[in-house]
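I have placed the structure first, in the form of structure tokens, so that the comments after it can refer back to it.
What you see below is based on every heavy atom in this structure, not just the backbone, and it leaves out hydrogens, waters and symmetry mates. Lettering of chains follows the sequences in order, A, B, ..., and the numbering in each one begins at 1.
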2 protein chains.
Amino acid sequence: MRERAIGRLTLYRRTLRELDEKMTHIFSHQLAKMVGVSAAQLRRDLMPIGYEGSPNRGYEVAGLLASLSQHLDGPGSHTVALIGVGNLGRALLPYFTARNPHLRVIAAFDTDPQKIDRIICGCRVYALERLEEVIAAEEIKVAILAVPRDTAIDCAQRAAGAGVTGLLNFAPIPLEVPRQVFVENVDLTMALEKVNHFAQRTVEVREADHTTTD
Amino acid sequence: MRERAIGRLTLYRRTLRELDEKMTHIFSHQLAKMVGVSAAQLRRDLMPIGYEGSPNRGYEVAGLLASLSQHLDGPGSHTVALIGVGNLGRALLPYFTARNPHLRVIAAFDTDPQKIDRIICGCRVYALERLEEVIAAEEIKVAILAVPRDTAIDCAQRAAGAGVTGLLNFAPIPLEVPRQVFVENVDLTMALEKVNHFAQRTVEVREADHTTTD
DNA sequence: GTTAAATTGTGAATCTTGTAACGCAGTTCA
DNA sequence: TGAACTGCGTTACAAGATTCACAATTTAAC
Ligand SMILES: NC(=O)c1ccc[n+]([C@@H]2O[C@H](COP(=O)([O-])OP(=O)(O)OC[C@H]3O[C@@H](n4cnc5c(N)ncnc54)[C@H](O)[C@@H]3O)[C@@H](O)[C@H]2O)c1
Ligand SMILES: NC(=O)c1ccc[n+]([C@@H]2O[C@H](COP(=O)([O-])OP(=O)(O)OC[C@H]3O[C@@H](n4cnc5c(N)ncnc54)[C@H](O)[C@@H]3O)[C@@H](O)[C@H]2O)c1
């Protein structure tokens with residue numbers, strides 16, 4: 001399915017989770033508003049998963065939730081590794097640990113001896129040397145990369161070699177991994193600079209509005 | 001200009017900065033590889049900014065850098081506010097402070113009395129009550145929103161009211177701000193779940209490859 | 001001075017994403 | 001009963017982004 005739509009499906013699921021047991025049914029336009037998309041887009045996104053709502057009642061929350069989860073994750077529960085327990089990693093760990101019961105971060109890796117063998121947020125920190133061993137043993141398929149930029153490519157290759165097929169990469173550098181490994185890059189500096197650009201442009205527009213009596 | 005392309009322009013600039021004074025000229029395919037895009041796309045992105053390279057020499061690094069900065073930021077230096085100095089905010093602060101000389105985080109806001117009036121990474125933490133006052137006085141146009149979800153909408157509105165025209169939002173909820181305010185949403189949970197989805201799918205593909213002798 | 005090689009800028013084609021529109025099926029209320 | 005709502009599923013359309021392909025241009029070499 002299209003990548004963008006998958007992202008939105010996760011938003012629908014997350015929002016539905018909080019609704020569950022507060023209300024049994026929901027209309028497309030209600031859910032759409034909570035997530036911040038149009039109702040048409042929501043319905044369109046839902047099409048491929050095959051779950052059908054009813055007019056005048058909308059979607060059954062529990063049913064849609066189950067259907068979404070099945071299509072997003074498949075059966076079974078899934079595990080995640082965190083590579084790099086620095087400033088960013090230590091912020092992510094409690095957040096992901098608290099929120100996602102079905103997506104557990106069960107192993108972290110670092111090179112800093114101070115951190116190795118400690119347990120943070122219920123997640124053990126291993127020496128980087130044990131990366132392949134632990135990932136293979138735990139059959140971890142997803143890794144979060146929060147290591148310094150210069151080590152990111154190497155870490156990604158090692159993770160992929162050990163069986164990881166999905167990477168969430170925070171290092172601002174393109175990774176080099178086999179084609180079948182899915183990589184999602186999150187570049188926060190880019191995001192901030194983008195915001196700055198449009199923020200400055202808005203200022204100009206505002207001033208232009210003044211002068212042109214718009 | 002188109003939003004997507006602006007993001008990439010910031011990547012070109014960042015990469016060029018590290019190159020500056022190591023080499024004076026660079027070809028599109030070289031820079032493209034460093035950033036992780038195709039050469040054709042890079043050249044297309046550069047078109048609107050009007051900077052021209054030469055065949056057999058490529059782009060002049062310093063010149064392109066200057067031209068990019070002018071088109072991305074305009075003249076002057078710019079300031080940023082951080083709203084919410086929690087786990088995430090405390091990770092972002094040192095990162096942005098260290099990296100971006102031309103984009104300085106000069107004020108932070110929080111409700112926690114423990115944090116108020118402290119100085120973290122050279123950035124003073126103010127009480128949330130002083131948000132409007134400080135933002136207006138410092139003429140801050142960009143704010144990073146790293147507060148709990150339920151307070152995000154309110155914080156965004158107050159920031160916008162005080163003159164902020166660009167928001168980098170980490171709270172997983174759609175903000176409600178005037179149309180001219182630019183909002184960039186970063187949803188890390190969505191990103192991780194997206195990665196997990198495609199990671200699981202890859203496993204299936206791999207197994208399918210096995211069975212179908214592909 | 002001419003040729004050859006390499007790279008640029010850009011129009012056209014392709015692919016992706018989002019939006020609007022429309023018919024259809026339940027539901028409600030007279 | 002049936003007429004009018006309402007919201008769903010789907011299709012058609014528009015906008016945007018990416019890739020392709022190639023003429024134009026610059027330099028180096030001979
Ligand atoms: N902190 C942020 O807000 C932020 C924002 C955007 C991007 N990033 C990116 O995220 C990455 C991490 O940032 P950070 O601020 O957490 O850095 P950091 O220096 O605080 O943490 C890096 C951690 O990785 C560990 N490490 C170093 N080499 C390693 C290796 N080879 N294998 C495993 N662990 C290793 C270090 O011991 C340290 O604990 C960087 O690539 C950075 O560019 C960070
Ligand atoms: N930590 C992460 O890795 C992470 C990841 C993704 C998204 N987020 C989102 O980022 C936001 C912050 O996450 P966090 O982990 O830093 O949370 P946190 O609880 O660690 O920090 C929140 C901070 O905001 C302050 N605060 C509370 N109400 C406030 C208000 N009205 N105005 C200003 N400050 C206020 C608190 O005192 C605290 O310091 C949340 O919306 C969360 O969903 C965090």
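Comparing the local axis fitted to the first five base pairs of the helix from dG1(C)-dC30(D) to dA30(C)-dT1(D) with the one fitted to its last five gives a bend of 10°, rounded to 10°.
A straight line from CE of Met47(A) to P of dT17(C) spans 14 Å, rounded to a whole angstrom. Per the geometry, OH belonging to Tyr59(B) stands 13 Å off C1' belonging to dA6(C), to the nearest Å. We find that CG of Leu42(A) is positioned 13 Å from P of dG18(C), with the value rounded to whole Å. Taking atom CG of Leu46(B) as the reference point, atom C1' of dT10(C) lies 13 Å away to the nearest angstrom. A straight line from CG of Leu64(A) to C1' of dG9(D) spans 14 Å, rounded to a whole angstrom. Protein atom NE2 of His29(B) is 11 Å distant from nucleotide atom P of dA6(C), rounded to whole Å.
By the salt bridge (charged side-chain N to carboxylate O under 4.0 Å, His left out) test, Asp187(A) is found to be paired with Arg14(B), residues two or more places apart in sequence or in another chain being considered. For Glu184(A), the salt bridge (charged side-chain N to carboxylate O under 4.0 Å, His left out) test picks out Lys194(B), with sequence neighbours left out. Residues meeting the side chain to side chain contact (heavy atoms under 4.5 Å, CB included) test with Tyr126(A), sequence neighbours left out: Ala107(A), Phe109(A), Arg124(A), Arg130(A), Val134(A).
The ring pair (Phe, Tyr, Trp, His ring centres under 6.0 Å) analysis of residues 162-196 of chain A, with sequence neighbours excluded, yields the pairs Phe182(A)-Phe198(B). Applying the ring pair (Phe, Tyr, Trp, His ring centres under 6.0 Å) test to every pair with at least one member in residues 28-73 of chain A, sequence neighbours left out, gives these pairs: Phe27(A)-His29(A).
Looking at Arg4(A) and Asp45(A), no side-chain N of the basic residue comes within less than 4.0 Å of a carboxylate O on the acidic one, giving no salt bridge.
Taking 4.0 angstrom as the limit, Tyr51(B) places none of its side-chain polar atoms (N or O) nearer than this to OP1 or OP2 of dT8(C).
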Under 3.5 Å, side-chain donor or acceptor atoms of residues 33-41 of chain A against the rest of the protein: list the pairs with distances, not counting sequence neighbours.
from, atom 1, to, atom 2, distance (Å)
Ser38(A), OG, Gln41(A), N, 3.1

Tabulate below the donor-acceptor pairs under 3.5 Å that side-chain atoms of residues 142-159 of chain A make, not counting sequence neighbours, or state none.
from, atom 1, to, atom 2, distance (Å)
Arg149(A), NH1, Glu18(B), OE1, 2.8
Arg149(A), NH1, Glu18(B), OE2, 3.2
Thr151(A), OG1, Pro148(A), O, 3.0
Gln157(A), NE2, Glu176(A), O, 3.4
Arg158(A), NE, Glu132(A), OE2, 2.8
Arg158(A), NH2, Leu128(A), O, 3.1
Arg158(A), NH2, Glu132(A), OE1, 3.0

Please encode protein proximity along nucleotides 13-30 of chain D as a string of B, S and -, counting only heavy-atom distances under 4.0 Å. ----SBB-B---B-B---

